[in-house]
Amino acid sequence: MSYRGDELHPGDPRHKLIVALDVSSAAAAQKIVAAVGDSAFTYKVGMQLYTAEGPHVVRDLVASGRRVFLDLKYHDIPNTVGAAVSEAAKLGVSMLTVHASGGDKMLRAAADAAKATPNLMVLAVTVLTSLGGSDLEKIGVRGSVEDTVVRLATIALGNGCQGVVASAREASTLRADLGDKFAIVTPGVRPAGSHAADQVRVVTPAEAIASGASYIVVGRPITEAADPAAEARAILSQIGS
Ligand code: C5P
């Protein structure tokens, strides 16, 4: 490593790229991080890797100068979520997720717990993209998916969250309705010309950014590439600064 992620120039496109470490061991994660090298600095640790390996994976990434997006989607009573956010802050993560449907008090507890840590972003998940209109109706949520996304995002931002996780399609609606003073993290991104794998609706990196995404999350196209660093660089060249 020649330098650390927190030393990047503000206009560097690497700020916008998050690599998802969806693997089940610290060794597999380290292999990917080493292969990506200086081509990306932010890594998403989700429930698979965290459940398998625990907080040391996060500590090791942070100690090596990488930024960590801890994607555990907290959803519990306000006191418990606030306490979990405080622990995540101690690990040194830069971004973490909560479920917006946890409601005002839970979101406020999360945002308040993060306040003491400069640059720690609390991001809210609105409606999981695996849920459609009929799924929402079945669990008692009225209105379209789109309206529900905007309503939940409004609640999250109103309670101090710094942004949301949203598909590219939702991102443009959110920008149109709620403006540009919050972050949008967009998964389901595939470099132009690559396989969609099990993602149903995919967008290219450039399309995601044009839709209003602040950050894109890319997993397998990078982690399963023969040359992960080259793949990351190809994606960066598509999003520019
Ligand atoms: O490998 P791939 O690029 O599909 O990985 C995308 C990452 O983003 C995974 O960690 C997945 O859990 C996450 N994600 C997603 N779609 C959503 C929300 C999160 O693919 N709607």
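Every number for a ligand or one of its atoms is a count from 1 in the order of the listing.
- Counting atoms of ligand 1 from 1 in the listed order, those under 4.0 Å from a heavy atom of G219 are 1 (O), 2 (P), 3 (O), 5 (O).
- Remark: ligand 1 and K73 share no N or O pair separated by less than 3.5 Å (distance only, no angle test).
- Residue contacts with ligand 1, taken as heavy atom pairs separated by less than 4.0 Å, involve V218 solely via the backbone atoms N, CA, C and O.
- One finds no salt bridge joining D135 and K138 here, because no Lys/Arg side-chain nitrogen approaches an Asp/Glu carboxylate oxygen to under 4.0 Å.
- Residues satisfying the ring-ring contact (aromatic ring centres under 6.0 Å, His included) test with H56, not counting sequence neighbours, are none.
- E170 places a side-chain N or O within donor-acceptor distance of the main-chain N or O of S167, the cut-off being under 3.5 Å.
- Residue pairs meeting the side chain to side chain donor-acceptor pair (under 3.5 Å) criterion with at least one partner in residues 148-160, sequence neighbours excluded, are D104-N159.
- Close contacts between ligand 1 and R190 involve ligand atoms 1 (O), 2 (P), 3 (O), 4 (O) [criterion: under 4.0 Å to a heavy atom].
- When side chains are defined from C-beta on, V202 does not count as touching V189, because their heavy atoms never get closer than 4.5 Å.
- Those atoms of ligand 1 with a heavy atom of R220 less than 4.0 angstrom away are 1 (O), 2 (P), 3 (O), 4 (O).
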